[in-house]
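Everything on this sheet refers to the single structure shown next.
All values reported here derive from a predicted model rather than from experimental measurement.
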Amino acid sequence: MIRIREAILVEGRYDVNTVRQVVDTVVLESGGFRIFNNREQLKLLRRIAQTRGLIVLTDSDGAGFVIRNYLKGALPAGRVKQAYIPDIAGKERRKRHGSKEGKLGVEGMRPAVILKALRRAGATFEDQREEGTMPQAAPITKADFYAWGLSGGPESAKRRAAVLHALDLPSHMTANALLEFINAVGTREEVQAVLDNLAE
């Protein structure tokens with residue numbers, strides 16, 4: 001699988017699944033129009049954009065462009081790249097009815113189409129990396145969270161709250177959201193340092 005540096009923001013969970021089968025990077029879900037009222041999600045997206053860059057990959061219909069245009073004004077200029085899929089008529093297999101405009105969304109795109117869109121957007125592919133860019137590292141997993149006592153234990157919520165506070169993140173973030181964020185902008189060593197400080 002091809003690895004890219006930037007995180008990718010898509011509209012829904014089916015889009016996330018499709019893109020994750022094509023490239024190895026953090027893929028985030030905007031939740032469609034819900035992003036308009038989610039200040040904390042925008043704050044996280046800004047941090048991710050500043051740290052590793054962000055690629056916006058929405059559907060090619062009108063709704064996708066409303067979300068895309070909103071994000072252009074809400075995220076830091078120069079740290080966000082725009083990836084566009086072509087207008088292809090059709091309907092995703094899981095849907096009874098096609099979209100209002102009759103176009104396939106991100107989830108309906110073939111891998112080659114998604115890769116082409118990312119290349120045209122200027123995504124930083126692994127073979128283009130230069131010295132000083134993000135180091136390669138094994139992603140932090142749910143098993144790591146369990147081992148660190150951040151999920152699945154009697155004190156997990158308390159430990160997670162302390163980590164969220166130490167990282168200046170929203171207190172109501174779920175374990176999954178924290179895991180996604182750390183994999184996007186943090187390292188195993190940073191989490192370990194926070195946990196070590198908690199133990200003192």
Side-chain angles (χ1 to χ4, degrees), residues 1 3-58 63 67-68 70-71 73-76 79-80 94 105-107 133-200:
M1 190 175 289
R3 184 179 177 88
I4 66 171
R5 176 181 179 179
E6 295 88 355
I8 300 174
L9 180 69
V10 295
E11 293 181 54
R13 70 178 186 272
Y14 293 101
D15 301 333
V16 170
N17 294 339
T18 297
V19 174
R20 282 184 176 155
Q21 291 171 33
V22 178
V23 288
D24 178 13
T25 191
V26 174
V27 185
L28 307 157
E29 179 188 348
S30 72
F33 289 156
R34 288 196 306 266
I35 198 166
F36 297 156
N37 299 314
N38 194 333
R39 290 183 183 163
E40 291 188 336
Q41 185 182 17
L42 274 180
K43 182 179 176 184
L44 295 178
L45 290 174
R46 285 187 195 108
R47 285 178 68 176
I48 290 168
Q50 290 287 31
T51 306
R52 67 186 289 165
L54 184 69
I55 297 173
V56 176
L57 178 63
T58 63
I67 294 166
R68 188 186 292 276
Y70 170 74
L71 292 172
L75 297 174
R79 301 297 302 158
V80 178
R94 71 174 179 88
V106 169
E107 75 168 278
T133 60
M134 295 277 292
Q136 295 280 341
I140 296 166
T141 65
K142 289 184 179 181
D144 292 320
F145 264 35
Y146 181 79
W148 290 331
L150 295 174
S151 66
E155 295 289 313
S156 295
K158 185 177 175 183
R159 285 177 65 80
R160 211 165 46 247
V163 169
L164 290 169
H165 179 74
L167 296 175
D168 191 29
L169 293 170
S171 61
H172 71 276
M173 274 180 82
T174 64
N176 285 340
L178 176 60
L179 180 65
E180 198 169 64
F181 178 80
I182 290 170
N183 275 320
V185 303
T187 65
R188 187 176 295 272
E189 291 72 26
E190 287 170 351
V191 178
Q192 194 61 60
V194 170
L195 294 172
D196 291 345
N197 286 337
L198 295 181
E200 291 175 2

May I ask you to decide if [Y]'s main-chain N or O and [X]'s side chain share a donor-acceptor pair within less than 3.5 Å?
X	Y	answer
Gln41	Glu29	yes
Arg79	Gln50	yes
Arg20	Val27	yes
Thr25	Arg3	no
Asn197	Val194	no
Asn17	Tyr14	no

Practice problem: Mark yes when over 12 heavy atoms from residues, nucleotides or ligands other than Phe33 sit less than 6.0 Å from its CZ; otherwise mark no. | Solution: yes
Separation of [Y] [atom2] from [X] [atom1] (nearest 0.5 Å):
X	Y	atom1	atom2	value
Asp24	Met1	CG	CE	6.5 Å
Ile55	Leu28	CD1	CG	11.5 Å
Leu54	Arg47	CG	CZ	14.5 Å
Arg39	Asn37	CZ	CG	9.0 Å

For [X] and [Y], which heavy atoms make the closest approach, and how far apart are they?
X	Y	result
Ser30	Leu9	N-CD1, 3.7 Å
Asp144	Thr141	OD2-N, 2.9 Å
Val106	Leu57	CG2-O, 3.8 Å
Val163	Leu150	CG2-CD2, 3.8 Å
Val26	Arg52	CG2-NH1, 3.6 Å
Ile67	Glu11	CD1-OE1, 3.7 Å

So, do Leu195 and Gln192 sit near enough that their side-chain heavy atoms are less than 4.5 Å apart? yes
_Test side chain to side chain contact (heavy atoms under 4.5 Å, CB included) applied to Leu71 and Thr58, step by step_ = CA-CA 11 Å; Leu71 292 172; Thr58 63; 5.6 Å; no
Tested for side chain to side chain contact (heavy atoms under 4.5 Å, CB included) against Val19, the lone hit among Val16, Val22, Val23 is Val23
Given the options Val80, Asn38, Val56, Leu75, Leu45 meets side chain to side chain contact (heavy atoms under 4.5 Å, CB included) only with Leu75
Measure the acute angle between the ring planes of Trp148 and Phe145, then classify it against the limits of 30° and 60° as parallel, tilted or perpendicular.
tilted
Problem set entry | Asp15 and Thr18: side chain donor to acceptor below 3.5 Å | no
